[in-house]
Number of protein chains: 2
Amino acid sequence: MNAATKPRTVPRAGAAALAAELRIAVMRASRRLRAEKSDADLSDGQYSVLALLEREGPSTPREIALHERVQPPSMTRTLTALLELGLVTRTEHPDDRRQALVAVTEAGATTVRETRRRRDAWLARRLAALTPDERAVLARATEILRRIADS
Amino acid sequence: MNAATKPRTVPRAGAAALAAELRIAVMRASRRLRAEKSDADLSDGQYSVLALLEREGPSTPREIALHERVQPPSMTRTLTALLELGLVTRTEHPDDRRQALVAVTEAGATTVRETRRRRDAWLARRLAALTPDERAVLARATEILRRIADS
DNA sequence: TATTGTTATACTCTATAACTATA
DNA sequence: TATAGTTATAGAGTATAACAATA
């Protein structure tokens with residue numbers, strides 16, 4: 001059942017019909033990817049903050065809360081957990097003593113890279129089973145999806 | 001910056017390189033989609049159960065819990081909430097009096113359809129702004145993604 | 001005895017309100 | 001006064017353990 005039997009998946013290419021199919025496929029794929037986590041016992045929110053800091057460098061609790069769309073007290077709790085796990089550090093802000101600067105530790109960066117590696121490995125195994133043509137479709141779709149998400 | 005400048009998005013079509021790009025695009029898109037929630041005052045879990053019952057017909061609490069990968073006590077709580085909202089009914093199982101049969105009400109079915117419509121609207125607007133060729137790419141990608149997620 | 005479903009209880013994550021320290 | 005961050009407290013969702021009813 002590879003190429004000949006897919007009646008629902010290539011319907012009329014109308015935007016409304018495609019939206020429903022694409023939404024389901026994207027949500028389901030992301031759920032599967034999220035399930036591929038590293039051994040670190042982190043919640044989604046904790047990992048999201050750790051990955052943000054690893055990707056973009058040190059930040060203040062308020063900035064992180066804004067980016068994660070969470071209230072400051074919730075971020076305090078998340079950061080406290082990451083601190084106790086030794087995955088981030090908290091230091092004084094050089095210019096403003098009200099603020100704090102949070103940064104990943106070496107262990108934190110390792111955790112992020114490990115999780116990323118596992119998720120990529122899971123996906124890469126499945127991509128390797130596709131035809132070159134199918135991979136080309138996904139490569140084009142990747143760029144289009146990125147544009148949509150950033151809009 | 002549409003066709004001439006995309007160095008990262010169509011790299012060598014190797015599975016490993018594509019995996020990282022696709023993972024980021026899928027996770028980011030799903031994050032945006034999830035942020036577009038409807039007015040319906042239901043949690044993700046409650047809506048998920050309601051949509052399941054609307055899609056597949058009446059079921060027992062245990063079956064629903066299995067499908068949603070949740071423990072039975074958690075499902076009891078979710079079903080109680082949906083019952084109090086008048087979105088589902090609970091009746092005796094015809095063959096086994098230990099079990100119960102849960103089904104959506106007309107109000108429940110309406111809620112599901114309305115929510116689905118609202119969630120798709122955001123994505124449909126963005127798809128409508130694409131070229132027919134780009135929509136065709138996403139239609140093909142949808143089918144491929146679904147296969148990957150189900151594997 | 002085994003299975004279905006519920007109740008009792010606790011833990012996690014998030015929220016709002018009130019507080020402290022600094023600008 | 002305004003802002004950054006924390007503490008206090010509450011609500012929603014899920015989990016395990018113990019229990020009742022039925023097979």
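Chain letters run A, B, ... following the sequence lines, proteins first, then strands; residues in each count from 1.
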Is any NZ, NE, NH1 or NH2 atom of the basic residue among [X] and [Y] found under 4.0 Å from an Asp or Glu carboxylate oxygen of the other?
{"X": "A:Glu106", "Y": "A:Arg113", "result": "yes"}
{"X": "A:Arg147", "Y": "B:Glu134", "result": "yes"}
{"X": "B:Asp150", "Y": "A:Arg32", "result": "no"}
{"X": "A:Glu54", "Y": "A:Arg116", "result": "yes"}

Selection from [options] that lies nearest to any side-chain heavy atom of [X]:
{"X": "A:Arg98", "options": "D:dT14, C:dA21, C:dT6", "value": "C:dA21"}
{"X": "B:Ser43", "options": "D:dA15, D:dG13, C:dT22", "value": "D:dG13"}
{"X": "A:Val70", "options": "D:dT22, C:dA15, C:dT6", "value": "C:dA15"}
{"X": "B:Ser74", "options": "D:dA4, D:dT14, C:dC13", "value": "D:dT14"}
{"X": "A:Gln71", "options": "D:dA4, C:dG5, C:dT16", "value": "C:dT16"}
{"X": "A:Gln46", "options": "C:dC13, D:dT22, C:dG5", "value": "C:dC13"}
{"X": "B:Pro73", "options": "C:dT6, D:dG5, C:dG5", "value": "C:dT6"}
{"X": "B:Arg77", "options": "D:dT14, C:dG5, D:dG5", "value": "D:dT14"}

### Query
Below 4.0 angstrom from OP1 or OP2 of D:dG5, is there any side-chain N or O of A:Thr76?
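For D:dG5, neither OP1 nor OP2 has a side-chain N or O of A:Thr76 closer than 4.0 Å.
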### Query
Does A:Arg97 make a side-chain N or O approach to OP1 or OP2 of C:dT20 shorter than 4.0 Å?
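For C:dT20, neither OP1 nor OP2 has a side-chain N or O of A:Arg97 closer than 4.0 Å.
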For atom [atom1] of [X] and atom [atom2] of [N], their distance in whole Å:
{"X": "A:Asp44", "N": "D:dG13", "atom1": "CG", "atom2": "C1'", "answer": "14 Å"}
{"X": "B:Arg90", "N": "C:dT4", "atom1": "CZ", "atom2": "P", "answer": "16 Å"}
{"X": "B:Met75", "N": "D:dT16", "atom1": "CE", "atom2": "C1'", "answer": "17 Å"}
{"X": "B:Arg62", "N": "C:dG5", "atom1": "CZ", "atom2": "P", "answer": "6 Å"}
{"X": "A:Arg69", "N": "C:dT14", "atom1": "CZ", "atom2": "P", "answer": "15 Å"}
{"X": "B:Leu79", "N": "C:dT7", "atom1": "CG", "atom2": "P", "answer": "12 Å"}
{"X": "A:Leu83", "N": "D:dG5", "atom1": "CG", "atom2": "C1'", "answer": "13 Å"}
{"X": "A:His93", "N": "D:dT3", "atom1": "NE2", "atom2": "P", "answer": "16 Å"}

### Message
Which heavy atom of B:Met75 sits nearest to which heavy atom of B:Val70, and what is that distance?
### Response
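Smallest interatomic distance, heavy atoms only, reads N-CG1, 3.9 Å.
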### Query
Starting at the 5' end of DNA chain C and moving along, which residue's nearest nucleotide shows up first, A:Asp95 or A:Pro72?
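Result: A:Pro72.
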